[in-house]
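Each remark here refers to the structure printed beneath this line.
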Number of protein chains: 2
Amino acid sequence: MNRKSDRMADIARRLGVSKSTVSRSLSDSPEIGKATKARVLAEARAVGYAVNPLASALKTRRGRILLVLVPRIENFLFPMLLRTIERAASEMEYTLMIGYVAGDSRTDDRLLDFMYSGAADGVIIATGFAPDTLAERLDRGEMWPAAFVMTPGARNDIPSIALDDYGAGREVYRRLRAEGYKRIGMVSGASGPTAVGQLRRNAFIEAAVEDGAAREDLVIFDGSFRYETGWNAREFIAKASDRLDAVICGSDEIAFGLINGLRSLGVSVPRDLAVAGFDDILFARHFSPSLTTVRQPIEEMGRLAVAKIVEMVERKSWSATEMLGFEVVMRESAPAGGGEATPPERSHKISAPRR
Amino acid sequence: MNRKSDRMADIARRLGVSKSTVSRSLSDSPEIGKATKARVLAEARAVGYAVNPLASALKTRRGRILLVLVPRIENFLFPMLLRTIERAASEMEYTLMIGYVAGDSRTDDRLLDFMYSGAADGVIIATGFAPDTLAERLDRGEMWPAAFVMTPGARNDIPSIALDDYGAGREVYRRLRAEGYKRIGMVSGASGPTAVGQLRRNAFIEAAVEDGAAREDLVIFDGSFRYETGWNAREFIAKASDRLDAVICGSDEIAFGLINGLRSLGVSVPRDLAVAGFDDILFARHFSPSLTTVRQPIEEMGRLAVAKIVEMVERKSWSATEMLGFEVVMRESAPAGGGEATPPERSHKISAPRR
DNA sequence: TTGTAGGCGTTATCAC
DNA sequence: GTGATAACGCCTACAA
């Protein structure tokens, strides 16, 4: 293996200047002569010299690296999130180190050691939990640039950039009701590992109860965010289908599973029952029927997360939690105005609220 | 910000030993007393000390980091690939630095500078092209641990771990014929940026011609690997549908687009026409109809890529290109034996080969 | 505006 | 088996 590149000293010697001069030229320091700087840059470009980021980081304790922690769980949103984070980071001249961590906490410490050593500048956590070693340090009062993203954070000394899941849950319910769907059920992701499923489930329940439904009459099936949950709910929902006009699912994947499951039982979506999802993953528009769902502002989340971390790093300032807006996208699986088409004999009597 | 951790010197002082002793204990060097080593490890664990990877890498020119270069293009396989690579790397105690590069070559040099400086040990390239700065160095005769993955490599001084796309293309054709489908067309991804589309297209053509079809009678629509290509092909294929029993698509996404497109024109898959995809992305089994396709051995690719790089790094040995096997998965969109059900009047007269 | 010197936290080489 | 010492390649007071 031949990996001997020039060092600053080589460039300096060749140009008859000192290492400092080269260093200053390359880091466009203000205290450097325009002419010498030009000479140095020219030479550097000519021989393909690049500053050794390792040595530089060791000295300055700034590596221009961002850590990103994602859960190993299958989720179609993470790839998108990663890409937007990378793009934003790249624009600010940061690179990404990635770790897929087991799920809740216990992450690979090797990754975080980069941060503690100064190689990495901050960490974006998409798992909902601060890894143990970070939590310990924060508890000790140390401060590290970190942010939760796409999930409500587990601690409030770290900002969190996430969808307003509760608000979105209520809005889907409200919107479906406005479109004429009267009796609405849910297949939730509340049994999964994240708090998001609970938020969406609670939002649904409270919106329905405020709307006049009886808490104990609500049709709810609980599971994780995965496809299998929807599939497993098929009989439960099919049996309740004469009491329902629409079903809100905790995720798009659940919705896919439910729609396919119902189809296998002869229940057609949206003809017999409308189904709405959550997230607007790439496939939602290509599924058949295309999915009515809530769009997550992934792009915005990625950009904001990076911006906040970089702000914390470079200005040493602190940053606040951010709750992002959402958008309900009406498609075929629960078409706008679709509830009006419900045959009269299926029209629903909403139970009066009990105390 | 409070980020002062202990250094080796601190541990050493506290234990009344030298830095060397601490270093040796922590890197389980053979030349160290069992007792002292135990003391050091205990102390290190007690105070939560971890070796500074930056300083270590600067000295040893080994950072235990692997670069991964992925294209920014949407492709449902990359997330899976990344995860398997990360898992394999993690088991060998490497971490991942990721760069989404624009597409063909021009990548972010910052990323590769980590490798050139010794921080990163090798690079896994999933874009099909060696980035410029790497190519230059290789041309100069330097050697860097690198491997192409999931795509035939652009240079043969770097190993490539990929599916036998040509073989797989022929096998899909052969398999469909064996299942009774007589007249087969293709919607290819050959106009896309990678060579893979071409390989699959050529395989199809040659298999068909050897099978007795006339080259100029073959029904082929060319596009990229994306959903839109399938959708755009819908009218072309629908018009030719009375001359076809099945269509092979260059990717699963194309197949989804085609199936949806045909449905919009009243052509039902597989009743009127069978459709097969390529890749077996996660969604292939959940689509309706579920997709007959060729499974890429993503897991195997990820593991093999990491194993090869690590081998190159640690044993300084060289490694050879690897062509992986595949598997045709028969599902609803082109069911096994489905070709037999073709009504007799649609049976096909295969043109004799012309010279 | 430029040069000199010292150190960032490790590991490797050499003694003992 | 253990300890002193010199790099690794860069940045940054401080001095000129």
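We name chains A, B, ... by the order of the sequence lines, and we start the count at 1 in each one.
For B:V51, taking side-chain heavy atoms from C-beta onward, the closest of the listed nucleotides C:dT11, C:dG3, C:dT4 is C:dT11. With distances taken from any side-chain atom of B:T36 to the nucleotides D:dT2, C:dT11, D:dC11, the minimum falls on D:dT2. With D:dT12, D:dC10, C:dA12 as the choices, the nucleotide that has an atom nearest any side-chain atom of B:K59 turns out to be C:dA12.
Counting to the nearest Å, the C1' atom of C:dG9 and the NZ atom of B:K19 are 7 Å from each other. For A:D6 and D:dC8, the CG to P distance is 14 Å, given to the nearest whole Å. To the nearest angstrom, C1' of D:dG9 lies 14 Å from CG of B:D113. Taking atom CZ on B:R7 and atom C1' on C:dT11, their separation rounds to 16 Å, with Å as the unit. Between the CZ atom of A:R62 and the P atom of D:dG9 there is a distance of 23 Å, given to the nearest Å. Computed from coordinates, the B:L58 CG to D:dC10 P distance equals 9 Å when rounded to whole Å. The interatomic distance linking A:R64 (CZ) with D:dC11 (P) rounds to 13 Å, in whole Å. Atoms CZ (A:R61) and P (C:dG7) sit 16 Å apart, rounded to a whole Å.
For B:S56 and C:dT11, the shortest distance from a side-chain N or O to OP1 or OP2 is below 4.0 Å. Contact check, A:Y116 against C:dG9: no side-chain N or O comes under 4.0 Å of OP1 or OP2.
Without hydrogens or angle criteria, B:D165 side chain to B:V196 main chain gives no donor-acceptor distance under 3.5 Å. Checked by atom type and distance alone, the side chain of B:S160 never pairs as donor or acceptor with a backbone atom of B:A147 at under 3.5 Å.
Side-chain N/O atoms of B:Y116 and B:T133 include a donor and acceptor closer than 3.5 Å. Side chain to side chain, B:S23 and B:S20 fail the donor-acceptor criterion of an N or O pair below 3.5 Å. For the residue pair A:S319 / A:K308, a side-chain donor-acceptor distance below 3.5 Å is found, with atom types taken as modelled. Counted by atom type alone, B:S317 and B:E311 present one or more donor-acceptor pairs between their side chains at under 3.5 Å.
When the nearest nucleotides of DNA chain D are assigned to A:T60 and B:G16 by heavy-atom distance, the more 5′-ward of the two goes with B:G16.
Under 3.5 Å, the side chain of A:S20 and the base of C:dT4 form at least one donor-acceptor pair of N or O atoms.
By the 4.5 Å heavy-atom criterion applied to side chains, B:V47 and B:R14 are counted as neighbours.
Remark on the helix from C:dT1-D:dA16 to C:dC16-D:dG1: inter-end axis angle 40°, axes from five-pair C1' superpositions, rounded to 10°.
The side-chain contact (heavy atoms from CB on, under 4.5 Å) with B:M8 is formed by just one residue from the set B:N52, B:V40, B:L26, B:T21; it is B:L26.
Residues passing the salt bridge (Lys or Arg N to Asp or Glu O under 4.0 Å) test with A:R13, sequence neighbours excluded: A:D10.
For the segment residues 21-35 of chain B, residues with any heavy atom less than 4.0 angstrom from an atom of DNA chain D are, sorted by number, B:T21, B:R24, B:E31, B:I32, B:G33.
In A:R303, the CZ atom is not crowded: 12 or fewer heavy atoms of neighbouring residues, nucleotides or ligands sit closer than 6.0 Å.
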